[in-house]
Amino acid sequence: VQLQASGGGLVQPGGSLRLSCTASGFSLDNYAIGWFRQAPGKEREGLACISLRDGSTIYADSVKGRATISSDNGKNTVYLQMNSLKAEDTAVYHCAAGDDAFKYGCLNYYYGMDYWGQGTQVTVSS
């Protein structure tokens, strides 16, 4: 059972990235998937969540309008498209799966998530 986050890298301010979170060993169909990030010296921050049961989504204010979370159930993968990236978006980005995360708000439901990916570094710099 594993979640694999990928797609990070170095991008210039104003640029875009698409992060992927792929599950192996289990189906994401009955889970909520969240994207979280943590920058050095800062607290972990929930960015976006999607329920694969009904497609509901929720976004943090810090990324609302700049991020889109989506899923490809056939590929057992969830994506986070980030646009208009800023230096303050620099962080390690993790995905996590929780079967009841949406009931508890998801974005702050760190300790209730069932599975975590290993993280992918996003660096926004010129």
Side-chain angles (χ1 to χ4, degrees):
V1 172
Q2 189 176 6
L3 282 177
Q4 180 80 32
S6 62
L10 175 64
V11 62
Q12 292 189 339
S16 299
L17 277 178
R18 188 177 78 159
L19 306 180
S20 300
C21 177
T22 301
S24 58
F26 72 108
S27 171
L28 293 178
D29 287 355
N30 291 313
Y31 283 84
I33 308 302
W35 281 98
F36 305 84
R37 69 185 179 191
Q38 189 160 23
K42 294 188 177 181
E43 293 188 358
R44 182 166 37 189
E45 177 186 14
L47 303 176
C49 289
I50 184 168
S51 168
L52 270 71
R53 288 193 184 106
D54 61 11
S56 299
T57 59
I58 186 170
Y59 294 92
D61 288 342
S62 60
V63 298
K64 200 172 289 183
R66 301 190 297 126
T68 302
I69 190 169
S70 62
S71 66
D72 185 333
N73 291 45
K75 294 183 177 180
N76 217 22
T77 297
V78 168
Y79 303 100
L80 182 69
Q81 176 72 39
M82 292 280 294
N83 301 322
S84 303
L85 286 162
K86 310 171 187 177
E88 51 263 44
D89 292 317
T90 295
V92 177
Y93 285 66
H94 296 267
C95 60
D99 63 355
D100 59 357
F102 251 79
K103 281 197 299 186
Y104 299 101
C106 194
L107 292 179
N108 294 313
Y109 195 53
Y110 312 132
Y111 300 109
M113 291 303 217
D114 300 301
Y115 306 109
W116 284 86
Q118 87 290 358
T120 185
Q121 175 72 45
V122 172
T123 302
V124 184
S125 174
S126 55

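All residue numbers in this chain count up from 1 along the given sequence.
To the nearest 0.5 Å, atoms CG (Leu85) and OG (Ser125) are separated by 12.0 Å. A distance of 11.5 Å separates OG1 in Thr120 from CG in Leu80, rounded to the nearest 0.5 Å. Note: Cys49 SG to Ile69 CD1 = 6.0 Å, rounded to the nearest 0.5 Å. Atoms OG and OH, from Ser51 and Tyr31 in turn, are 12.5 Å apart once rounded to the nearest 0.5 Å. Separating the CG atom in Asn108 from the CD atom in Glu45 is a distance of 9.5 Å, to the nearest 0.5 Å. To the nearest 0.5 Å, the span separating CZ on Arg37 from CZ on Arg44 amounts to 14.0 Å.
In this structure, the side chains of Leu47 and Ser62 come closer than 4.5 Å at one or more pairs of heavy atoms. Using a 4.5 Å heavy-atom threshold, the side chains of Leu52 and Val78 count as touching. Counting heavy atoms from C-beta on, the side chains of Tyr79 and Ile50 never come closer than 4.5 Å. Taking the side chain as every heavy atom from C-beta outward, Gln121 and Thr90 approach each other to under 4.5 Å. In this structure the side chain of Tyr59 reaches within 4.5 angstrom of the side chain of Thr68, judged on heavy atoms. Counting only heavy atoms from C-beta outward, the side chains of Val122 and Leu19 approach each other to under 4.5 Å.
A pairwise comparison of heavy atoms in Ala97 and Leu28 identifies CB-CD2, 4.4 Å as the closest pair. Of all the heavy atoms in Ala48 and Leu107, the pair that sits closest is N-CD2, 3.5 Å. Taking every heavy atom of both residues into account, Ala39 and Ala91 meet most closely at N-CB, 3.8 Å. Among all heavy-atom pairs drawn from Ser20 and Thr77, the shortest one is CB-CG2, 4.2 Å. Here the closest heavy-atom approach between residue Met113 and residue Ala32 is recorded as CE-O, 4.5 Å. The heavy-atom pair separating Arg66 from Ser84 by the smallest distance is NH1-O, 3.1 Å.
Between the side chain of Asn76 and the main chain of Ser24, no donor-acceptor pair closer than 3.5 Å is present. Although no hydrogens or angles enter the test, the distance criterion places no donor-acceptor pair under 3.5 Å between the side chain of Asp100 and the main chain of Lys103. Under the 3.5 Å distance criterion, the side-chain polar atoms of Arg53 are matched with a main-chain donor or acceptor of Asn30. Between the side chain of Gln118 and the backbone N or O of Ala5, at least one donor-acceptor pair lies under 3.5 Å.
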CA sep, side-chain torsions, deciding dist, call: Asp89, Lys86, salt bridge (Lys or Arg N to Asp or Glu O under 4.0 Å) = CA-CA 5 Å; Asp89 292 317; Lys86 310 171 187 177; over 6 Å; no
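Residues Val92 and Val124 fall into different hydrophobic clusters, defined by Ile, Leu, Val, Met, Phe, Trp and Tyr side chains chained together at heavy-atom separations under 4.5 Å. By the rule that hydrophobic residues join a cluster once side-chain heavy atoms approach within less than 4.5 Å of another member, Ile33 and Val1 end up as members of one cluster.
Between Trp116 and Tyr110, the ring-plane angle classifies as tilted under the 30° and 60° cut-offs.
Each ring pair (Phe, Tyr, Trp, His ring centres under 6.0 Å) pair with one or both residues in residues 87-107, not counting sequence neighbours, appears once here: Tyr104-Tyr109.
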